[in-house]
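To start, the structure itself, in structure tokens.
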Amino acid sequence: MPRTSNVNIAVIGAGMAGLKAASTLHRTGINVTVLEKSRGLGGRLASRRTEFGHFNHGAQYVTARHPGFNAFLQEATEFNAAQNWSPNLHRGTSAPTSSSGTGAALSPIARHVGNLAEEAWYQGAPQMNKLIRPLVDSFPIQKQHRIIGIEPATAQSFMLHDDLDGSYGPFDGVIVTAPAPQAAELLRPLAPRFGPIDEVIMAPCWAVMAAFEKPLPTGFDAMLYPSSEISWAARSTQSNDMFHRRTPDPWVLHASPEWSRAHLEDDKERVIEKLLAALRDVSSVKLPELHSVQAHRWRYARTEVPLGKSQLNGMNGRVIAAGDWCLGARVESAWRSGQSAAHTMIETLLG
Ligand SMILES: Cc1cc2nc3c(=O)[nH]c(=O)nc-3n(C[C@H](O)[C@H](O)[C@H](O)COP(=O)(O)OP(=O)(O)OC[C@H]3O[C@@H](n4cnc5c(N)ncnc54)[C@H](O)[C@@H]3O)c2cc1C
């Protein structure tokens, strides 16, 4: 049996799943290298910096149902990487009821909406992408490396190739935490065992980041499914700012999965125009002048049909797919899947 210090694992993706997997492996003494295609960490726990502060344009808040993830949120709070958030919330009537529209099984997003009343909400502090800070340790994280191929080098090791002709490895195991369709592209050529990833369905989401010159004159800080076009609209400030209306007043709008699908290839200007018109309609107020506005398209935002198990492995357990999409549509699903992938890798390699 190899010693932990002789084992080298690559983790593809530095979102919640990838960093939870990497930190779990690192804490057992295994050598981990994280490869991330973006410039920043956090994946869909995303924040965009502007001249007057940050917009959280991906995940908006985090809840915990699993004791392990609850403990993580407590640790993150003590670490000043998380804070409670209790916005003045308006609940609209357009919330989804099922994944199929038939009223049968509840989709992960619908279940999430249904459970909100009982749950404490957290945000990353001071902005969403900082929530992963307790997981970042002394292991190497190579940013701006998009992995495009995983090549078996021997029966028990793998090389990774990026889109700039770079190669990395050999690694004794690889954990892939990209969203399901992107993970499938990497894993399909390796083994038919990864076929079930194709059954996962992820919905897109258009996000609009609008900064108004004056505070938006509404009594709410957040609106949940206020209309069929908008699934979420919220003032994008930290909770300690809630009582001091800053200007510009920054709002994030998320288009509903249905609207985002129907407008997936629209240009950003058109999306901004339509979603601001929908916001004006639901809030029944004249929108203040815009200071600035941007849009971001999440092609794979929220899981509609998950894999149904916490990870999927092949190549004798040495290549593992993980991510929120294994279990659901929430940050907690990503954390649990990353943890499960790390434990499976440890079991495979160290017994
Ligand atoms: C608009 C929106 C709103 C949301 N709202 C909420 C919410 O309110 N509450 C909640 O709990 N959840 C919410 N979610 C879902 C939540 O953000 C995700 O469940 C969670 O962040 C997923 O983490 P992950 O690590 O599985 O994936 P990701 O965060 O997507 O991380 C995967 C990482 O892999 C990287 N990557 C992909 N391909 C490659 C490659 N080939 N090479 C290298 N790196 C690669 C990506 O750049 C990314 O950093 C929302 C998501 C979106 C988009």
Side-chain donor-acceptor contacts of residues 10-24 below 3.5 Å, not counting sequence neighbours, with atom names and distances?
from, atom 1, to, atom 2, distance (Å)
S23, OG, L19, O, 3.3
S23, OG, K20, O, 3.4
T24, OG1, K20, O, 2.7

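- For CZ of R146, the number of neighbouring non-hydrogen atoms (other residues, nucleotides, ligands) closer than 6.0 Å is 12 at most.
- Summarising the geometry, atom CD1 belonging to I148 is positioned 7.0 Å from atom CG belonging to D162; distances are rounded to the nearest 0.5 Å.
- If you take CZ on R302 and OG on S231, they are separated by 8.0 Å, rounding to the nearest 0.5 Å.
- Between L41 and N129, the closest side-chain pair of non-hydrogen atoms is not below 4.5 Å.
- T154 and Q156 share no side-chain donor-acceptor pair at under 3.5 Å.
- Residues R48 and M209 meet the side-chain proximity criterion, which asks for heavy atoms closer than 4.5 Å.
- Considering all non-hydrogen atoms of both residues, P226 and V282 come closest at O-CG1, 3.6 Å.
- Residues L135 and L35 do not share a hydrophobic cluster, defined by chaining ILVMFWY side chains whose heavy atoms lie under 4.5 Å apart.
- At least one donor-acceptor pair closer than 3.5 Å links the side chain of D249 to the backbone N or O of L216.
- Without hydrogens or angle criteria, N88 side chain to G219 main chain gives a donor-acceptor distance under 3.5 Å.
- Counting only distance, with no hydrogens or angles, the side chain of T33 and the backbone of P140 share no donor-acceptor pair below 3.5 Å.
- A single hydrophobic cluster is seen to contain both L307 and F194, as judged by linkage of ILVMFWY side chains at heavy-atom distances under 4.5 Å, directly or through other members.
- Legend: residues meeting ring-ring contact (aromatic ring centres under 6.0 Å, His included) with F139, ordered by chain and number and at least two apart, are H26.
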Worksheet entry | Residues L25, I175; criterion side chain to side chain contact (heavy atoms under 4.5 Å, CB included); working and verdict | CA-CA 11 Å; L25 293 167; I175 297 178; 4.0 Å; yes
Worksheet item: Can you list the steps and then say if E51 with H291 is a side-chain hydrogen bond (donor to acceptor under 3.5 Å, both in side chains)?
Response: CA-CA 11 Å; E51 76 216 61; H291 174 88; 3.2 Å; yes
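- Judged by distance alone, with hydrogens and angles left aside, the side-chain atoms of S337 form a donor-acceptor pair with the main-chain N or O of S310 at under 3.5 Å.
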Fill in: Criterion salt bridge (Lys or Arg N to Asp or Glu O under 4.0 Å) on R280 and E273, from CA distance to verdict
CA-CA 11 Å; R280 189 188 55 228; E273 187 189 315; over 6 Å; no
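- Looking only at distances, a side-chain donor or acceptor of S227 sits under 3.5 Å from a matching main-chain atom of E229.
- Applying the 6.0 Å contact sphere to CG of N316 captures no more than 12 heavy atoms from other residues, nucleotides or ligands.
- P257 and E304 get closest at one heavy-atom pair: CB-OE2, 3.8 Å.
- Contact check for W232 versus L253: no side-chain heavy atoms found under the 4.5 Å cut-off.
- If you run side-chain contact (heavy atoms from CB on, under 4.5 Å) between F69 and each of Q74, Q339, E332, only E332 comes through.
- We find the CG-CZ distance between N70 and R65 to be 12.0 Å, quoted to the nearest 0.5 Å.
- Judged by distance alone, the side chain of N8 and the main-chain N or O of F171 form no donor-acceptor pair under 3.5 Å.
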Practice prompt. Show the numbers, then the answer: is there a side chain to side chain contact (heavy atoms under 4.5 Å, CB included) between L349 and I30?
Written response: CA-CA 10 Å; L349 296 184; I30 287 174; 5.8 Å; no
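- Residue L275 holds its CG atom at 11.0 Å from CZ of R270, rounded to the nearest 0.5 Å.
- When all heavy atoms of Q294 and I272 are compared, the closest pair comes out as C-CD1, 4.0 Å.
- No more than 12 heavy atoms of other residues, nucleotides or ligands lie within 6.0 Å of CZ in R49, so this atom counts as exposed by the packing criterion.
- Judged by distance alone, with hydrogens and angles left aside, the side-chain atoms of Q123 form a donor-acceptor pair with the main-chain N or O of Q60 at under 3.5 Å.
- A donor-acceptor pair under 3.5 Å is formed between the side chain of S283 and the backbone N or O of L279.
- In this structure, the side chain of R44 does not engage the main chain of A59 through any donor-acceptor pair within 3.5 Å.
- The two residues H254 and G58 have their closest heavy-atom pair at CE1-O, 3.2 Å.
- In the hydrophobic clustering of ILVMFWY residues, with side-chain heavy atoms under 4.5 Å counting as a link, V174 and V32 come out apart.
- In this structure, the separation between OG1 on T63 and CH2 on W85 is 12.5 Å, given to the nearest 0.5 Å.
- With a 4.5 Å cut-off on side-chain heavy atoms, Y122 and N84 count as touching.
- A donor atom on one side chain and an acceptor atom on the other are found under 3.5 Å apart for S47 and N56.
- Contact between G317 and M345 at its shortest, heavy atoms only, is O-SD, 3.9 Å.
- Distance CG/D324 to CE/M202: 4.5 Å, rounded to 0.5 Å.
- Taking a cutoff of 4.0 Å between a charged side-chain nitrogen and a carboxylate oxygen, D266 and K274 do not qualify as a salt bridge.
- The ring of H57 has its center closer than 6.0 angstrom to the ring center of W298.
- For the pair A295 and W206, the tightest heavy-atom approach, listed with the atom from each and the gap, is CB-CZ3, 4.1 Å.
- A donor-acceptor pair is defined here as one N or O able to donate and one able to accept, closer than 3.5 Å; no such pair exists between the side chain of S340 and the backbone of R336.
- Looking at heavy atoms from C-beta onward, I230 lies out of side-chain contact with M223 at the 4.5 angstrom threshold.
- Qualifying ring-ring contact (aromatic ring centres under 6.0 Å, His included) partners for Y168, counting only residues two or more places apart in sequence or in other chains: H145.
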Practice prompt. Apply side chain to side chain contact (heavy atoms under 4.5 Å, CB included) to the pair I320 and T348, showing each step before the final yes or no.
Written response: CA-CA 11 Å; I320 302 180; T348 299; 5.6 Å; no
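- The closest side-chain heavy-atom distance from S333 to R330 is below 4.5 Å.
- When the salt bridge (charged side-chain N to carboxylate O under 4.0 Å, His left out) test is applied to R318, no partner is found at least two apart in sequence or on another chain.
- Hydrophobic clustering places L45 together with L73 (ILVMFWY residues linked when any side-chain heavy atoms are closer than 4.5 Å, directly or through intermediates).
- At a threshold of 4.5 Å between non-hydrogen side-chain atoms, the residues H66 and F72 do not count as touching.
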Item to complete: Would you check, one step at a time, whether the test side chain to side chain contact (heavy atoms under 4.5 Å, CB included) holds for T218 with V285?
Response: CA-CA 8 Å; T218 164; V285 295; 5.6 Å; no
Pairs of donor and acceptor atoms involving the side chains of residues 181-191, under 3.5 Å and at least two apart or interchain, shall be tabulated with distances.
from, atom 1, to, atom 2, distance (Å)
R188, NE, D198, OD2, 3.4
R188, NH2, D198, OD1, 3.0

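- Residues L131 and I141 fall within the same hydrophobic cluster, defined by Ile, Leu, Val, Met, Phe, Trp and Tyr side chains chained together at heavy-atom separations under 4.5 Å.
- With sequence neighbours left out, the ring-ring contact (aromatic ring centres under 6.0 Å, His included) criterion links W259 to H263.
- At least one side-chain heavy atom of L264 sits under 4.5 Å from a side-chain heavy atom of R297.
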